[in-house]
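I have placed the structure first, in the form of structure tokens, so that the comments after it can refer back to it.
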Amino acid sequence: EATAASDPSGVEYYFECVAGAGNDSGWQDSTLYQDTGLLPLTDYTYTVTARDLSAAQNMTIASAPTVGRTASDVNILLPSNGGLLESFTSEYSGGYGAALLTDGILNQNGWASVAAPSFPQEFVYSFTNGNDATLDAATIHGGLAEGQWFTKDVEVWTSADGTNFTLAGNETLLATALDSVSIPLNGVRAKKDKLSVTRGYGGTYVELAEFEVYGTA
């Protein structure tokens with residue numbers, strides 16, 4: 001929120017995100033700006049500038065930066081929060097099932113594919129009672145991967161109708177234990193989402209510890 005400025009010609013405000021990869025507001029009449037599509041539990045820093053609406057558009061200097069931290073959304077893929085695994089490509093028997101991707105444990109070997117898997121390995125999820133959800137961010141945790149079966153490239157897809165999927169983003173995990181990556185989902189409304197593993201680091205298997213999607217369902 002900016003301190004209101006005054007000018008006979010009127011005033012506009014511009015909020016700029018200067019740290020944290022948030023979004024700028026563009027010039028607007030309101031002294032209030034609410035950014036959206038941000039990651040949970042993340043710091044974002046903003047300044048605000050005002051200008052009058054005269055032909056000269058005289059502008060103030062930017063304000064001192066202000067830091068805000070986003071709140072923690074709910075991981076809506078946890079079964080306890082209504083998440084449901086609809087389908088998956090493969091899983092290795094003996095305690096490496098696909099259900100481990102949403103058991104809330106980040107530092108484990110977790111899910112493993114079958115030997116010499118085809119790609120992509122995909123996991124499709126729906127939300128509470130099959131309802132639409134607002135998706136803010138996804139995080140994929142590589143886990144321990146038994147020190148060798150590391151996943152490399154991952155994608156997150158969303159579906160508004162439950163059938164057709166749109167790529168939301170992709171990331172690359174490192175071949176190290178407990179690496180994780182996050183993909184902004186920018187408040188998209190979706191009926192389902194999909195995790196896709198498109199490549200590993202050349203081992204016989206690929207493994208992941210956890211897939212989290214934060215939002216509201």
Side-chain angles (χ1 to χ4, degrees), residues 20-21 37-42 73 75-81 83-127 133 135-160 162-186 188 190-215:
L38 305 178
L39 297 173
L41 294 176
T42 301
D73 285 341
N75 177 9
I76 57 177
L77 292 191
L78 288 175
S80 59
N81 292 331
L84 177 64
L85 175 61
E86 296 271 354
S87 64
F88 58 91
T89 306
S90 80
E91 63 182 7
Y92 186 79
S93 61
Y96 295 89
L100 294 176
L101 279 176
T102 53
D103 66 353
I105 302 174
L106 310 183
N107 59 344
Q108 63 180 352
N109 293 322
W111 163 81
S113 69
V114 294
S118 60
F119 293 103
Q121 294 280 305
E122 296 183 329
F123 308 83
V124 176
Y125 297 87
S126 60
F127 312 110
L135 314 183
D136 293 329
T139 301
I140 301 98
H141 298 268
L144 303 176
E146 298 183 70
Q148 55 185 324
W149 313 127
F150 294 107
T151 288
K152 185 173 184 180
D153 294 327
V154 291
E155 299 173 344
V156 174
W157 298 68
T158 63
S159 174
T163 302
N164 301 293
F165 285 83
T166 300
L167 179 64
N170 58 82
E171 277 289 351
T172 298
L173 286 154
L174 300 177
T176 57
L178 303 180
D179 189 36
S180 64
V181 292
S182 292
I183 295 175
L185 300 178
N186 302 314
V188 65
K191 187 172 291 294
K192 294 183 181 180
D193 73 343
K194 178 171 66 176
L195 170 64
S196 181
V197 175
T198 60
R199 188 163 52 154
Y201 277 96
T204 305
Y205 308 92
V206 286
E207 295 187 8
L208 286 173
E210 193 79 3
F211 178 40
E212 301 173 301
V213 172
Y214 288 90

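All values derive from a computational prediction rather than experimental measurement.
Partners of Phe165 by ring pair (Phe, Tyr, Trp, His ring centres under 6.0 Å), not counting sequence neighbours: none found.
Between Gly215 and Ile76, the shortest heavy-atom contact is O-CG2, 3.6 Å. The two atoms that bring Thr198 and Pro120 nearest to each other are CG2-CB, 4.4 Å, heavy atoms only.
Partner Trp111 forms a ring pair (Phe, Tyr, Trp, His ring centres under 6.0 Å) with one of Tyr205, Phe88, Phe123 and no other, that one being Phe123. Here the rule is side-chain contact (heavy atoms from CB on, under 4.5 Å) with Trp149, and of Thr204, Leu144, Val206 only Thr204 fits it.
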Derivation and outcome, side-chain contact (heavy atoms from CB on, under 4.5 Å), residues Leu78 and Glu210: CA-CA 10 Å; Leu78 288 175; Glu210 193 79 3; 4.2 Å; yes
Test log, rule side-chain contact (heavy atoms from CB on, under 4.5 Å), inputs Ile105 and Leu100: CA-CA 8 Å; Ile105 302 174; Leu100 294 176; over 6 Å; no
Criterion side-chain contact (heavy atoms from CB on, under 4.5 Å) on Leu185 and Val156, from CA distance to verdict: CA-CA 9 Å; Leu185 300 178; Val156 174; 4.0 Å; yes
side-chain contact (heavy atoms from CB on, under 4.5 Å) between Trp157 and Leu167, intermediate numbers included: CA-CA 4 Å; Trp157 298 68; Leu167 179 64; 3.6 Å; yes
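With rounding to the nearest 0.5 angstrom, the CG atom of Leu208 is 11.5 Å from the OG atom of Ser180. For the atom pair CD of Glu122 and CG of Leu195, the computed distance is 9.0 Å after rounding to the nearest 0.5 Å. Distance OG1/Thr172 to CD1/Ile140: 10.5 Å, rounded to 0.5 Å. Note that CZ of Phe127 is 4.0 Å distant from CG of Asp193, once rounded to the nearest 0.5 Å. To the nearest 0.5 angstrom, Leu39 atom CG is 9.0 Å from Asp136 atom CG. Remark: Tyr96 OH to Glu146 CD distance equals 4.0 Å, nearest 0.5 Å.
Side chain of Glu91 to backbone of Ala98: a donor-acceptor contact under 3.5 angstrom is found. Looking only at distances, no side-chain donor or acceptor of Asn186 sits under 3.5 Å from a matching main-chain atom of Val188. Looking at Thr151, its side chain does come within 3.5 Å of a backbone N or O of Glu207 through a donor-acceptor pair. Put simply, the side chain of Asn170 never gets that close to the backbone of Val154: no donor and acceptor are under 3.5 Å apart. Counting only distance, with no hydrogens or angles, the side chain of Gln148 and the backbone of Ala145 share no donor-acceptor pair below 3.5 Å. The backbone N or O of Gly142 lies less than 3.5 Å from no partner atom in the side chain of Asp179, so there is not a single donor-acceptor pair. Between the side chain of Ser90 and the main chain of Ser113, no donor-acceptor pair closer than 3.5 Å is present.
Residues Val114 and Tyr92 have side chains not in contact (no heavy-atom distance under 4.5 Å, counting atoms from C-beta outward). Counting heavy atoms from C-beta on, the side chains of Tyr214 and Leu135 never come closer than 4.5 Å. Counting heavy atoms from C-beta on, the side chains of Leu77 and Phe211 come closer than 4.5 Å.
Side-chain polar atoms of Thr158 and Thr166 form no donor-acceptor pair below 3.5 angstrom. Side-chain N/O atoms of Asn164 and Ser159 include no donor and acceptor closer than 3.5 Å.
The number of heavy-atom neighbours closer than 6.0 Å to OH of Tyr125, taken from other residues, nucleotides and ligands shown, is above 12.
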